[in-house]
Novice: 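Structure incoming, see below.
Just so you know, these numbers come straight off a predicted model, no measurement behind them.
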Amino acid sequence: MAVAPVIPVLVIEDAATARPLAEALVKGGLRVLEVTLRTAAAIEAIREMKKVPGAIVGAGTVVNTDQFEQVMQADAEFIVSPGLTERLGEAIVGSGVPFLPGTATAGDIMRGLDLGLRHFKFFPAETSGGLKALKALAAPFYEARFCPTGGITPATAPEWLAFDPVLCVGGSWVTPKGASMAEVEALARDAAGLAR
């Protein structure tokens, strides 16, 4: 979460595009890449992206222990989930792999703290009340740090990043559909330059 201000949230339809995409993102300054498990190509995409020097590749949208086992076999370096269950949380925490569970309520955060976690995804950020809601949630949980994801844009990212408990934001805007690798690299460079 401290490597760059933006973690690209990636939906990869074709594993053949994964490596060039990772190269463009890393060249632009975004080394931490979250490959969501929303397509059949996701596992192979993780393997391909890991071949790129400097890339830190993790799996997103991990919702159960079976998926967790699959992404570990693909050597995912971190795990992101849209929510937090005890079963999934215990399995991931027990493995020692960095884990960013989705939270949107005080109860979610408390479950994570009970598991020894201190870093959370605030998701879906905009529809869960936005920055105002996160400020209210963060107040009683002073030790927690967040990566808001869901509805964050280049225009709103700086406001989120200006809030101390926010270490980074997740965003899909750096890889718009149909963009060339040169365009992705330029968007990544802009995102990597956002102040925290």
Side-chain angles (χ1 to χ4, degrees), residues 1-39 41-42 45-46 48-50 52 54-63 76-83 98 100-104 119-135 145-196:
M1 289 173 71
V3 174
V6 178
I7 296 176
V9 178
L10 309 168
V11 180
I12 312 270
E13 302 284 352
D14 179 2
T17 65
R19 190 168 179 175
L21 184 61
E23 288 168 348
L25 289 165
V26 170
K27 196 171 178 187
L30 298 182
R31 296 177 43 225
V32 181
L33 313 176
E34 177 190 337
V35 179
T36 62
L37 298 188
R38 298 181 194 178
T39 69
I46 291 170
E48 285 300 308
M49 288 186 156
K50 283 191 57 67
V52 176
I56 301 167
V57 186
T61 322
V62 175
V63 298
E77 296 173 81
F78 63 92
I79 306 294
V80 182
S81 66
L100 204 56
T103 57
H119 295 86
F120 303 96
K121 171 179 170 175
F122 178 56
F123 176 81
E126 287 297 339
T127 59
S128 294
L131 184 56
K132 188 175 181 181
L134 182 58
K135 285 182 175 179
R145 295 295 174 263
F146 297 92
C147 176
T149 305
I152 311 291
T153 67
T156 61
E159 189 178 2
W160 286 97
L161 291 166
F163 182 46
D164 279 348
V166 171
L167 298 183
C168 61
V169 298
S172 56
W173 79 84
V174 292
T175 58
K177 215 170 188 116
S180 71
M181 292 307 113
E183 289 167 326
V184 168
E185 183 184 333
L187 289 167
R189 190 166 285 112
D190 290 343
L194 291 171
R196 286 190 274 196

Novice: Atom NZ in K50, atom CD in E48: separation rounded to 0.5 Å?
Specialist: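 Answer for the NZ-CD pair, K50 versus E48, is 12.0 Å.
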Novice: If you look at every heavy atom in T127 and P124, which pair is closest and at what distance?
Specialist: OG1-CG, 3.1 Å
Novice: Without swapping roles, check the side chain of E185 against the backbone of G28 for a donor-acceptor pair under 3.5 Å.
Specialist: no
Novice: Can you tell me how far the CD1 atom of I152 sits from the CZ atom of F122, to the nearest 0.5 Å?
Specialist: 9.0 Å
Novice: Compare every heavy atom of R38 with every heavy atom of T61, then report the nearest pair and how far apart it is.
Specialist: OG1-NE, 3.4 Å
Novice: Hey, could you give me the CG/OG1 distance between L131 and T156, rounded to the nearest 0.5 Å?
Specialist: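 So the gap between those two atoms works out to 9.5 Å.
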Novice: Which pair of non-hydrogen atoms, one from A191 and one from P5, has the smallest distance, and what is that distance?
Specialist: O-CG, 3.3 Å
Novice: CG/D14 to CG/L21 distance, rounded to the nearest 0.5 angstrom?
Specialist: 11.0 Å
Novice: For residues 158-166, dump all side-chain donor-acceptor pairs below 3.5 Å to protein atoms at least two apart in sequence or in another chain.
Specialist:
{"from": "W160", "atom 1": "NE1", "to": "E126", "atom 2": "OE2", "distance (Å)": "3.3"}

Novice: What are the two closest heavy atoms between K121 and S81, and how far apart are they?
Specialist: CD-O, 3.7 Å
Novice: Donor-acceptor pair, distance only, cut-off 3.5 Å: does the side chain of T39 make one with the backbone of I12?
Specialist: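 Yes, T39 side chain to I12 backbone: donor-acceptor pair under 3.5 Å.
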Novice: Could you tell me whether the side chain of L10 reaches within less than 4.5 Å of the side chain of L25, counting heavy atoms only?
Specialist: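 SC-SC contact between L25 and L10 confirmed.
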Novice: Measure the spacing between CD of E13 and NZ of K177 and express it to the nearest 0.5 Å.
Specialist: 5.5 Å
Novice: Looking only at heavy atoms, which two atoms of G83 and P101 are closest? And how far apart?
Specialist: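 In this case the closest contact between G83 and P101 is O-CB, 4.0 Å.
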Novice: Between R31 (side chain) and G54 (backbone), is there a donor-acceptor pair under 3.5 Å?
Specialist: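 At least one qualifying donor-acceptor pair exists.
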Novice: Side chains of E34 and L100: does their closest heavy-atom pair fall under 4.5 Å?
Specialist: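 Sidechains of L100 and E34: no contact.
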Novice: Please name the pair of heavy atoms, one in C147 and one in G170, separated by the smallest distance, quoted to 0.1 Å.
Specialist: SG-N, 3.6 Å
Novice: Any non-hydrogen side-chain atom of S128 less than 4.5 Å from a side-chain atom of F123?
Specialist: no
Novice: Who pairs with K27 by salt bridge (charged side-chain N to carboxylate O under 4.0 Å, His left out), at least two apart in sequence or on another chain?
Specialist: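 Testing K27 for salt bridge (charged side-chain N to carboxylate O under 4.0 Å, His left out), a comparison that skips the adjacent residues, returns none.
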